[in-house]
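Residue numbers run from 1 in the order of the sequence given. Only this structure's heavy atoms are used, side chains among them; waters, hydrogens and symmetry mates stay out.
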Amino acid sequence: MIKRYRYGQPISTDTIVKSIPICDENIAFFQFENKEKMTFTYTMDDNDIIYGLGENMRGINKRGFTYISRCMDGAKHTEDRNSLYAAHNFFIIDGKKQLGVFFDAAGIVSYDIGETEIDQLIITCDDNDFDIYLIEGDNLKDIAKQFRQLIGQSYIPPKWALGYHQSRWMYKTEDDFRNIVKQYQENQIPLDAIYLDIDYMEDYESFTINRENLPHFEELVQEFKKQGVHMVPIIDAGIKVKEGYQVYDEGVKQNRFCKDKDGKNFKCGVWPGYCHFVDVLNEDNRHWFGDQYQFLLDKGIDGIWNDMNEPSIFYTDERLNEAYSLVDELRDSELNLFTYFKMRGQFSKLSSNPKDYQLFYHDINGQKVRHDKVHNLYGYNLTRAAGEAFERFSPEKRILLFSRGSMIGMHRYSGIWTGDNLAWWSHLKLCIQQMPNINLCGFLYSGGDLGGFGSDTNEELLMRWVQFGIFTPLMRNHSQSQRAQELYAFKHTEIFKNMIEIRYAFIPYLYSELVKAALSDESYFRPLAFDYEDDKQARLIEDQLMVGEAIMIAPIYEQNGRGRFVYLPENMKLIRMRSLSDYDEIELEKGNHYIHVGFNEMIFFIKPNHIVPFAKPALTTRDMNFDELYVLGYVQDEIEYTLYDDDGYTRDINQPEHFHKIYASKEYCDCKTKKVQYR
C-alpha cells in the first residue's frame with residue numbers, strides 16, 4: 001500500500017510513473033515540525049535497520065551518520081563525506097515497522113540517521129515543496145517491488161555491456177588504442193569495450209574529435225567493431241565558450257543555456273575553461289542537447305558515458321575574485337597559523353561551492369527557477385536527454401549509457417558508475433556495500449572502477465576487485481594512476497585471464513538475472529535479509545550479497561586476505577574456482593564457516609535447488625555461443641530454471657521467445673561441465 005503526502009507546490013521531477021492520490025490526513029509514523037526548515041522525525045528501535053539511499057558512503061545499514069542528497073563532484077570518498085554524485089531519496093526501515101519512504105524532491109534533503117541522537121531518524125528539507133511516499137508491504141521485497149513499480153522499469157543495456165571494459169585517462173592516439181586492444185588479444189584476455197576519456201576531444205569540447213591524435217576516428221571505430229570491441233566515448237556537461245565551436249554557437253543562437261540573474265548565459269570554469277550549461281530542465285533544450293549525440297552515433301559509436309553532470313563547477317569569477325582578494329591582502333606578509341589555513345581554505349572552496357549553484361537559473365515550463373532549488377535534477381535530465389535521443393535515433397537497438405550524476409528517475413534511461421574511487425581496500429569494501437542500495441533505488445546496471453580510479457593500485461587489490469567485479473553488471477577497469485592498470489601489466493596475467501573468462505562464462509546467468517530483475521521490478525543485488533528475513537544473523541551481514549536468484553557471494557576485501565568467515569543462512573554449495581576447468585564443489589551446512597580463498601581463487605555459493613547456467617567464453621561476447629550452455633548447480637531432486645536470452649540488443653525485450661526453460665536433476669548437476677537439457 002502506498003500513500004502520498006504533498007507539501008507546498010512541488011516542481012515535477014518526472015520520477016514517478018504511477019499515479020497515487022494525495023492524502024488529506026497528516027503524515028503517518030513521522031513527527032512533523034515546520035520551523036526554519038521542515039523536519040520529519042522517526043524514533044528507531046535498537047534493532048531497526050535502514051536500507052537504501054543508493055550511492056552513498058558507509059555500510060549497507062545507513063544508521064549512525066548524516067547523508068545529504070546533493071549531487072556533488074568530489075574525488076575523495078572518505079567516511080566524512082555526506083554527499084557523493086547522486087540523490088537517491090528512497091530508504092526502507094526494517095524493524096518494529098517495515099516501511100518504505102521516498103522523498104520526491106527536486107531540492108536538497110538531509111537524512112540524520114542516528115548521528116545527532118542515536119535513536120532518531122531526522123529528515124530535513126531545504127525547500128518546502130515536495131511529495132512524500134510511504135510504502136507498507138508484506139516484507140522487504142514487497143516494499144522494494146512496490147517502489148520500483150512506482151518509479152518505472154530500470155534501464156537494460158545491450159548484452160556486450162556485460163563484457164570486460166578497459167579505460168584510462170591517458171589513451172590519446174590511435175596507436176594507444178590499438179596497442180591496448182592488441183595486448184589484450186595477445187594475452188587472450190576477453191575484452192568488449194575500450195573507453196575514450198576527455199583527451200579524444202578537441203580542446204575538451206564535447207561532441208568534437210581531436211583529429212590530430214585521431215585522424216581516422218571513424219575507421220578506428222569500425223576496425224575495432226570488426227574485432228568485437230566497442231569504443232565508448234565520454235561526454236561532459238560543460239559546453240566551452242568559444243566562437244566557431246558549433247555546439248556553442250548554435251546554443252547561443254537558439255538560447256539553449258542557463259542564465260544568470262541578469263539574463264546572460266551563466267559562465268563557469270570546467271575542463272575546457274569557461275563553459276555554459278545547457279538548460280536541460282527545459283524539454284525543448286533537452287531534445288536539442290540529445291540531438292548532439294547523433295554526431296557520435298553517425299561515427300559508429302554505440303556506447304556513451306556521461307560525466308561531470310552533477311553539474312561539476314571548478315570555479316566562477318565570483319569565487320576566484322574572493323580568492324584573489326585574499327591573496328592580495330596577505331601578499332608579502334608572514335603567514336601564521338590562522339592566515340595560512342584561511343588562504344588554503346579559500347582556494348579549496350573554489351570547486352563545487354554551494355554559493356555558485358545560486359548564481360544561475362532554469363526555464364521550467366515558463367517559470368524561472370534558481371538552480372540550487374532543482375540541483376539534483378540536472379544530471380538526471382542531461383542523461384535523460386541522451387536516453388531519449390537514443391530511442392529516437394536507434395529505435396531497434398539498445399545503446400550502452402551510464403552516468404556519474406544521477407537521481408532516481410534517471411534509472412529508466414541509463415546505469416551509473418560510482419565515480420572517482422581510489423585504490424584503497426576500504427573502497428573495494430565500499431563498492432560491495434553500495435551495490436544493493438544502488439539496486440534498491442532502481443539502478444541495476446552499475447559498478448565501481450575496478451582497482452580504483454585514483455592512487456596506484458597493486459596486483460592483489462586489483463585481483464580481489466576483479467573477483468568481486470565478476471558479478472557487477474558494469475565491469476570496467478578505469479584509472480588515472482601513474483601505474484599501468486591494464487590486466488596484462490601485472491605478473492599473474494594468467495590468473496587475471498582465468499578470472500575474466502569466468503566472468504564471460506557466467507554472462508548467460510548474469511544477463512538473465514539482470515533483465516528478469518528489470519522486467520519484474522526487483523533487485524539483482526540484495527542484502528541477505530531480503531531473502532532471509534527471519535534469520536537474525538543474516539540481517540546483520542554487511543559483506544555478503546545475493547546475486548540473482550541462485551547465488552550468494554562473499555568477496556575477499558582485506559589486504560593479504562587468504563580466507564574469510566562466511567555465514568550460510570541455509571545449506572549451500574561452495575564453488576571455489578581457479579579457472580573454468582579447475583574448480584571445487586563442496587556442500588556446506590547452514591551456519592558459520594571459515595573459507596580459505598587463495599590469491600588465484602574466487603568463491604561463490606549456490607542456494608539449494610538452484611542452478612547457474614554458463615557458456616564457453618570467447619575473446620568477445622559477440623564470439624560466444626549462447627545456445628550451447630552448461631550448468632553448475634545444487635539440486636536435490638529436479639528443478640526448473642527460467643533463462644532469459646535474446647539477440648543482445650533488441651529493444652523489444654519482453655517477448656515469450658526470449659524465455660527458455662532449463663531442467664536439471666541431482667544426477668545431472670553432480671556431473672561437471674555437462675550441457676543443459678531442454679525438454
Taking the basic N atoms (NZ, or NE/NH1/NH2) and the acidic carboxylate oxygens, is any pair closer than 4.0 Å for [X] and [Y]?
X	Y	value
Arg404	Asp307	yes
Asp197	Arg168	no
Asp584	Arg578	yes

According to the interplanar angle, ranging from 0 to 90°, do the rings of [X] and [Y] count as parallel (below 30°), tilted (30 to 60°) or perpendicular (above 60°)?
X	Y	value
Phe90	Phe147	parallel
Phe659	Tyr644	perpendicular
Phe65	Tyr67	perpendicular

TODO: Evaluate ring pair (Phe, Tyr, Trp, His ring centres under 6.0 Å) for His596 paired with Tyr594, printing each intermediate quantity in order.
DONE: CA-CA 7 Å; His596 291 276; Tyr594 186 85; 5.1 Å; yes

So, taking the atom named [atom1] in [X] and the one named [atom2] in [Y], what distance separates them when rounded to the nearest 0.5 Å?
X	Y	atom1	atom2	value
Asp652	Glu657	CG	CD	7.5 Å
Asp94	Ile143	CG	CD1	8.0 Å
Leu422	Leu430	CG	CG	10.5 Å
Glu459	His492	CD	NE2	5.5 Å
Ile301	Ile235	CD1	CD1	10.0 Å
Met572	Lys590	CE	NZ	10.5 Å

TODO: Report yes or no: do His660 and Asp645 form a side-chain donor-acceptor pair below 3.5 Å?
DONE: no

Task: Short side-chain donor-acceptor distance under 3.5 Å, Asp623 and Thr620 - done: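 Note: Thr620 and Asp623 side chains meet the donor-acceptor criterion.
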
Tell me if a side-chain donor or acceptor on [X] pairs with a main-chain N or O of [Y] at a distance below 3.5 Å.
X	Y	answer
Asn439	Tyr524	yes
His658	Ile653	yes
Arg58	Glu79	yes
Asp456	Arg483	yes
Tyr85	Gly74	yes
Lys225	Gly300	yes
Thr173	Asp176	yes
Gln480	Asp420	no
Thr493	Phe490	yes
Asn437	Gly52	yes

[X] ring center near [Y] ring center (under 6.0 Å):
X	Y	value
Phe626	Tyr511	no
Tyr567	Tyr532	no
Phe605	His610	no
Tyr184	Tyr488	yes

Task: Tyr413/Tyr155 under ring pair (Phe, Tyr, Trp, His ring centres under 6.0 Å): CA gap, chis, key distance, verdict - done: CA-CA 5 Å; Tyr413 303 97; Tyr155 164 78; 9.2 Å; no

How far apart are the closest heavy atoms of [X] and [Y], and which atoms are they?
X	Y	value
Leu629	Ala615	CD2-CB, 3.8 Å
Tyr504	Gly163	OH-CA, 3.4 Å
Leu450	Gly469	CD2-CA, 4.1 Å
His165	Trp160	NE2-O, 3.7 Å
Ala529	Leu140	O-CD1, 3.9 Å
Ser406	His88	OG-NE2, 2.9 Å

Determine whether [X] and [Y] make a side-chain contact, defined as any pair of heavy atoms from C-beta on separated by less than 4.5 Å.
X	Y	answer
Asn306	Ser414	no
Phe530	Leu440	yes
Arg148	Ser523	yes
Ile500	Ile502	no
Ile60	Ile432	no

Open item on the list: Tell me which one of Trp417, Tyr171, Phe402, Trp305 satisfies ring-ring contact (aromatic ring centres under 6.0 Å, His included) with His478.
Closed with: Trp305

Can you confirm whether more than 12 heavy atoms, excluding those of [X], are under 6.0 Å from its [atom1] atom?
X	atom1	answer
Glu589	CD	no
Asp637	CG	no
Asp534	CG	no

Task: Partner of Glu549 under salt bridge (Lys or Arg N to Asp or Glu O under 4.0 Å), chosen from Lys141, Lys607, Lys516 - done: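 Passing option: Lys516.
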
Task: With sequence neighbours excluded, residues passing side-chain contact (heavy atoms from CB on, under 4.5 Å) with Lys429 - done: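 Partners of Lys429 under the side-chain contact (heavy atoms from CB on, under 4.5 Å) test: Gln433, Tyr557.
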
Open item on the list: Just to verify, what does Asn61 make a side-chain contact (heavy atoms from CB on, under 4.5 Å) with, not counting sequence neighbours?
Closed with: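 Only Ile49, Ile50, Arg63, Glu542 meet the side-chain contact (heavy atoms from CB on, under 4.5 Å) criterion with Asn61.
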
- [ ] Check Glu558, Gln544, His593 against Arg564 for a side chain to side chain contact (heavy atoms under 4.5 Å, CB included) and give me the one that passes.
- [x]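 Of Glu558, Gln544, His593, side chain to side chain contact (heavy atoms under 4.5 Å, CB included) with Arg564 is met by Gln544 alone.
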
Open item on the list: Set out, in order, the CA-CA distance, both residues' side-chain angles and the distance that settles side chain to side chain donor-acceptor pair (under 3.5 Å) for Lys661 and Thr642, then state yes or no.
Closed with: CA-CA 5 Å; Lys661 297 295 183 183; Thr642 300; 2.7 Å; yes

Task: Stepwise side chain to side chain donor-acceptor pair (under 3.5 Å) check, Tyr634 with Asn571 - done: CA-CA 10 Å; Tyr634 185 22; Asn571 295 350; 4.8 Å; no

- [ ] Check the pair Phe604 / Phe506 against ring pair (Phe, Tyr, Trp, His ring centres under 6.0 Å), numbers first and verdict last.
- [x] CA-CA 12 Å; Phe604 66 96; Phe506 286 176; 5.4 Å; yes

TODO: Determine, step by step, whether Glu460 and Arg562 satisfy the salt bridge (charged side-chain N to carboxylate O under 4.0 Å, His left out) criterion, reporting the C-alpha distance in whole Å, the side-chain angles of both residues, the deciding distance to 0.1 Å, and the verdict.
DONE: CA-CA 11 Å; Glu460 182 185 13; Arg562 294 297 180 267; 2.9 Å; yes

Task: Within 45° cone and under 6.0 Å: Arg503 NZ/CZ vs Tyr164 ring - done: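 Judged by the rule, Arg503 and Tyr164 form no cation-pi pair.
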
